[in-house]
Every structure is written in structure tokens, then in C-alpha cells.
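Note sheet for the following structure.
To find a chain, count down the sequence lines: A is the first, B the second, and so on, and within it residues start at 1.
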Amino acid sequence: MRNILTLSEKELRSYFASPMAYIVTAAFLVVAGWIFAFVLINSRQATMQDSFQGMAIIMLLVSPVLAMRLLAEEQRTGTIELLLTSPVRDFEVVLGKFLASLALFIVMLGFTLYYVFLLTRLGNPDAGPILAGYLGMVLAGAAFLAIGLLYSSLTSNQVIAAFLTIVTLLVLLWFDALSSSFSPSISAVTGYLSLTRHLSDLPRGIIDTKDIVYFLSLIVACLFMTVRSLETRRWR
Amino acid sequence: MKSQKLLGKLPAMGGVLGAACVVIALGVYLVTGQFDTQVAIPLGVGLALLFLVASYHPKEIAEILRGRSARYGSNTFAMIVIFLAIVGLANFYSANHSLRWDLTENKAFTLSSQTTEILGKLQGPVKITAFYPAGSAPALEDLLKEYRRVSDKVDYQLVDPDRMPGIAREYNLQRYGTTVIEYQGKRQDIFGFGEQDLTSAILKTIQGTPKKLYFLAGHGEINIESFEGTGGDQAKAALKAENYEVATLNLATAGSVPQDAAVLVIAGAKSQLLDDETRAIKEYLQSGGKAFVMVDPQGSSSVSDILKDWGVEVGTGVVIDPMSSLANQPQVPVVMQYDYSQITKDMVQMTLFPLATSVTAKSSVPRGVSALPLFESTENSWLETDTKTIQFDDGKDARGPLTMALTLQDQDMGSDNAGNPEVQPAAGEDQKRSKMRMVVVGNSIFASNDLMQNPALGNRDLFVNATNWLAEEEGLISIRAKEPTSREILLTGIQESFVLFSSAIFLPFAVLVAGGYVWWRRR
């Protein structure tokens, strides 16, 4: 556990030392803030439901950028050999990197609490859907980062890792729309895999265990495969 | 030399081609979902090609298979497959046994216990088809999702009538915003989109045989088989959509109102009724019958006589309402305000009553019967007795407001609707007998095809609501609509700019400045 935290801390430091984290956060906030203001001014409703939907789309583009460097960079520079031969276990490396990116993501998301502050000052928002919505954002963000981390472990090229992550996320996003053209038994599976379906209830204020299980499964499965992928370096 | 080079490339090409065939087979299977020749042929060809290529390089393949990588690789592969299978099973279980918590303040997404109970009674699939322009009814869609979640017998689809006119035509759709409920061969159309509307409609289709309505015929009443503008085909269609059985009744041959009559409709009789017919209707009403009586200024005096027994006087003139009527047609009153009643409580559209007369409850209304108006003409209206000159003659014409429709109902203590609680039931009256109900409208043209099928008018709703009340189908259940708490925010221009600038510009700018500071410090 201590190894994981040490690795996370080191990773977070390098995040904040580089301009990348600030630029990505600022870019995220420009788009999210614009969506929030646009929705509020037009709907005149003290709700975050549509803003959450918008945020999820931006997260889809931002989280691959946060995750792409994590393992690909170490592979490119060769420092991965040092890491793998050091007395830390593979899963500790993976978890440490994952937690660092998740922490940065939560900080980024934390800035959007300003919107909630604005809503409570100007109107009377319902706290339930906002809480559930943030739970959804954190779960979805963590899942996106886990997918990004998996690709980052498969290649030493950051751009390829980010690109493949975005493509994967878009496919997951469009599964819902695509599933209507598949046969019923297959569309049941693709429909279930669709991100859209699992992100529709939480921002409305409904916590359903199947959505939570879906996101946790994505996270755990991707982290597991990332550990296996690092392992292959020992005999490849 | 050249051909040899080409020959050397053949295995690689074969491998690519084989892999492509396998991918195509998978793609076809994804779309069709059936393992037939369309899938089998490319799959077989692909696998054969791959096998050929493999047999072309037996040494290399054997080396790969026996090597360290293969051993470790298959090990890793197996681990991943097993792990994903476990995760998949966990998801399969959770998808079918999920728990839900509704965090909204007024439990907006939780269905009432009545709905859950009624959905539990479903014996077979219920099909709900909602006709709304795409994206215009998100609340209904949310609601239908919940119904679907509570019962897997519920199957719903939202149809945009503009995009899918075929389905709309198939359902013989009259207007936007219709939801059709089908259950075991029965069909019910509704126009509301609340939980109360949906659940009531489902309950109606569950409940056994449809109630029967009889339209009196033979005295110039509206003909429910007629497609003409003055006919009543639309009225019949509207009632069928409410799951009623509709028939005409010739009292002269039948002798009495049939036992199975839920409601007797007298849609504007013009000529006299036979004495036997009048007696049959009186007996029917005395024994607790339900009647929808429409009368016209020059209508049958026999019907007016029947109404007189119940203390209702039918006017002898035409309602002229210059303040609320069609332009240049003061004889076509437009009603926009309704008195509160079970029939009119949800009415928002205006209704037209061309050539209407007044129906007035006199003091002679029998004890134990309550008479309540449904709507009136305006104060500036009058009852024109001499239609040659449309002008108010003091002393001759009655002054407005004139009641144009009213309800009559046997009262009892427990009665909840339309009633006057001060009226006590007559002593010694048999409490068990069926309660008489009557709706009297001083006009029959309002229920004719021309006015019933005009979507801008509420005539159809009024007609259907009145019939439902008579057949005691109103409020089969009552689910209090969940009034959403107002979350409205009204922003001034300055506030709007502040929201936009502070969230889309200042906040990200502050983050950039912080980043710049860190970078400058580290430099």
C-alpha cells in the first residue's frame, strides 16, 4: 500500500510540474463552463443534468490525454525496466499510476463545483441528482482513465495510446445507437456495454447498482489487463 | 525471378485474406445474428486459408507454439479470459438484480404502489406506443422506462408520426400526443402523459368486458355510422378508443333500455318519441340509469319532458354570445372557461357549440339529486327566441349567463365528486340501487364529425370525459401527480454575463495563471 501511495505521489508531482496538467484542466473548464452557462441561460433551470452529459463528452476527450503518458513514456525512455526490476510489484505500479491520474481528474472535476455554488446562490437546485451526477462523473472518469492506462501499457507511443483510447470510448458511446441495427441478442449485449445507457440515470438522481457495477467492472478489468500487459514484458 | 518473388509473397497475402474473411463472417453474424451460410462460407474460407498458410510454414509455427512466449502467452491469455468471464457473470447478475435509489427530492422517478400493483396483475405483454415528435416528451419516456423496469411485460416505443407516418397510419392516429395501449387484443388511447393517465388506461384494458353504450336512434339523432360532417362516426371512434362498445338503440322495437347499457346517449332527437319510448327512458333513469342527453333549440319536446321530471328546463331559443363566439357568428358560442367538475377539470382547449340552447336547473330538481353546471355563456349573452332579428329584446329574451351544460346525479353521503355535500339522501331510499347520472348539453352539433375531429378544439375531450363520468370510469384510480418543485432561475442580463464569463473564462484562466506561476518558479 505504501508503495502504491509513494508511486502515486511521485506521479502526481510530475503531473503538476509539467504545463500539460494545467492546460488540459483549463481546456476542460473552458468547454464545461461554456456548456454549463449555455444550458443554464437557455433552460433557466437550476439543474446540472445536461451539464453532466456535456461534461462526460469532454471527459471522453480529456482523460485519454491524462492517461496516455503514464506507461507509454516510461517505455519510450526505458525507465520501465528500472521500475519493473525495482522491488515494487507490477500491480502496485499500475495502481499507483491509476490513482495519480484519478486524483488529478478529481481535482479537475472539483473546479466544476463552482457551477453548483452558482446554482445554489441563484436558485434552488435539488441536491440528490447533483450528488448522484458527480458519483457518475467520477466513476465514468475512472473507467476512461483505466482504459487509457491499458492502451498506454501496450505501446510506447503516447499519440497512438490516446488515439486508440478515444476510438474505444467513442465506440462504447455509440454502442447504444448502433445496437438498433444489430440482431436482438447481440444488441442486448452491445446495449448493455454502451456508456450512454449507464450515464443516463445517475445525472437524473437515480443510483442503480447495475450502473455502478458496470463502471467498476470496466475499471477492474482494464487494470487487470494492464498488469498482465506489464507482465508480458518479462518474457517478450 | 519476378514470379518467384510473387510466390514468396503468396502466404502473407493468403494470411491477410483469411483474416479478412473471418472478420467479414463475424461482421455478418453481428448484423444478422444467425449462423447461416452467409456466415459459414466466409468463416470456412477464412479458416481454411489461415490453415493453409500455417501448413506452408510448419517449422516456424511449431517453433512459435513450443516457445517460451507461447507458454507464457497462453497462460496470460487464459487468465484474462477467465477474469473477463467472471466480470461478465457479475455484470449479468447485477443487470438482472439491480437495486435503485431515487435521490430526487420529490421521488420523481418512483412509481406509486397502485401502479406497481396493477402492473403485477398483467397476464401477458402490454404494448405502449406513444406518438410524439422526437424528443418532445422526455418526461413520458422516463415514465415508460420506469414501467418497463417494474414489469418486463411492458413493451413501449416512442414513434415520431412525421418520421414514421406508416405506423401512425396503421394505428389510425388522429393527433399528436396520443399514446396507444394494447393488451390482449384491447386498445386504449390516451392523451395525457402522467402516471395516472397511463395506469388508468392499463387498468381499463385489464378489466374484463368493455362497457356498452347505446345511441338512441329513429328521431333524427346524430347518426354514429355517418362519415358526413354532421354525422357521428368520430364520436363512435372516440368511444371505441376508450374501450367502449358502441351500438344504436331503437326503443320502439326493443321496448326497454337493455340491461347491459352503461350509458344511453340521446344525441339531439328532433322528432317526437313514442309514448312507450318516453316511458322506457323514464323508467331507465328512475332505476338509476345513466344518460348523456343533448338537446337542440328546435329539438324533440318529448326529451324536454323527460328532463322536466328532473327539474331541468330546456330553453326555447338560441344562445347568442357576441362576447365569446366565432367572428361574425354570434350564434356559435365559444367556451373557454369551465366550472370545476370531474368532467371539465383538465379541459384547457376551447369548445364550440353552434346553435346551442340553455339548460337550466330549476328548484324542481328532486330531493337527493344534485345539479351542477359545467359551463355557461358570458354575461353579455342572451337566449334569442326570435331568430329573424338577432337583437336582445328585454322581457322576451333571457339574459346571460346561461347554463349550456350541467350534470345531474343521485347524491349520497360518500359521494366524492361533482356533488353538493349539503344535499342529504332521501330518507328510506334504497341505498343499494344504482345511482342515476345525467349529463345534459344544450347542443348536439358539438359532437358531430366536423367539430370532433378538429384538433384545435376540446369538443372531443369534453364528449369523452362526459361519457367516462357517466360510465363511472372516471378516476378508476387516483394517483396524485408529482408536482415538480420549481427549479426556475430567472437571470438578469448582468447575471447572465457573470455566469458565462466567470465559468467559461475566469475559472480556466485562473488555472492557467497557477500553472504559469509553477512553471516560472521551477525555471
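Side chain of A:S153 to backbone of A:L230: no donor-acceptor contact under 3.5 angstrom is found. Between the side chain of B:N91 and the backbone N or O of B:G88, no donor-acceptor pair lies under 3.5 Å.
Counting heavy-atom pairs closer than 4.5 Å to chain B, the top-ranked of the candidates A:L40, A:T209, A:I212 is A:T209. When A:D211, A:T25, A:I23, A:V30 are compared by the number of non-hydrogen pairs under 4.5 Å with chain B, A:V30 comes out ahead. By number of non-hydrogen pairs under 4.5 angstrom with chain B, the leading residue of A:I207, A:I35, A:L29 is A:I207.
Using a 4.5 Å cut-off between heavy atoms, B:D142 touches chain A through backbone and side chain atoms alike. Contact annotation for A:S217: both backbone and side-chain heavy atoms come within less than 4.5 Å of a heavy atom of chain B. Interface remark: A:A21 contributes no atoms to any contact with chain B (heavy atom separation under 4.5 Å). Looking at A:V220, the atoms closer than 4.5 Å to chain B (heavy atoms on both sides) sit in the backbone and in the side chain alike. Heavy atoms of B:W101 lying under 4.5 Å from chain A belong to its backbone as well as its side chain.
Along residues 118-130 of chain A, the residues that come nearer than 4.5 angstrom to chain B, judged on non-hydrogen atoms, are A:L118, A:L119, A:L122, A:G123, A:N124, A:P125, A:D126, A:G128, A:P129 in order of number. Among the residues in residues 78-86 of chain B, those with a non-hydrogen atom closer than 4.5 angstrom to a non-hydrogen atom of chain A are B:M79, B:I80, B:F83, B:L84. Among the residues in residues 152-163 of chain B, none has a non-hydrogen atom closer than 4.5 angstrom to a non-hydrogen atom of chain A.
The closest side-chain heavy-atom distance from A:F36 to A:D50 is not below 4.5 Å. In this structure the side chain of A:M137 never reaches within 4.5 angstrom of the side chain of A:M48, judged on heavy atoms.
When all heavy atoms are compared, the tightest approach of A:T196 to A:L173 is OG1-O, 2.8 Å. For A:Y192 against B:A95, the heavy-atom pair with the smallest separation is CE1-CB, 3.7 Å. When all heavy atoms of A:M55 and A:A32 are compared, the pair lying nearest together is CG-CB, 4.1 Å.
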>> What verdict does the side-chain hydrogen bond (donor to acceptor under 3.5 Å, both in side chains) test give for B:T199 and B:T115, after you've listed the backbone C-alpha separation in whole Å, the side-chain angles of each residue and the deciding distance to 0.1 Å?
In response: CA-CA 6 Å; B:T199 303; B:T115 298; 2.9 Å; yes
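Under the 4.0 Å criterion applied to side-chain N and carboxylate O atoms, A:R13 and A:E9 are assigned as salt-bridge partners. Using a 4.0 Å cut-off between a side-chain N of Lys or Arg and a carboxylate O of Asp or Glu, A:R69 and A:E11 qualify as a salt bridge. A salt bridge links B:R100 with A:D201: the distance from a Lys NZ or Arg NE/NH1/NH2 to an Asp or Glu carboxylate oxygen falls below 4.0 Å.
Side chain to side chain, A:Y15 and A:S101 fail the donor-acceptor criterion of an N or O pair below 3.5 Å.
Ring pair B:F131/B:Y171 is perpendicular by interplanar angle, where above 60° counts as perpendicular and below 30° as parallel. A:Y134 and A:F52 have perpendicular rings, their planes meeting at more than 60° on a 0 to 90° scale where under 30° would count as parallel.
Ring to ring, A:F91 and A:F224 are not that close: their centroids are 6.0 angstrom or more apart.
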Atom pairs and distances, donor-acceptor, side-chain atoms in residues 505-518 of chain B, under 3.5 Å, two or more places apart:
unit_1: B:Y517; atom_1: OH; unit_2: B:R521; atom_2: NH1; d: 3.4

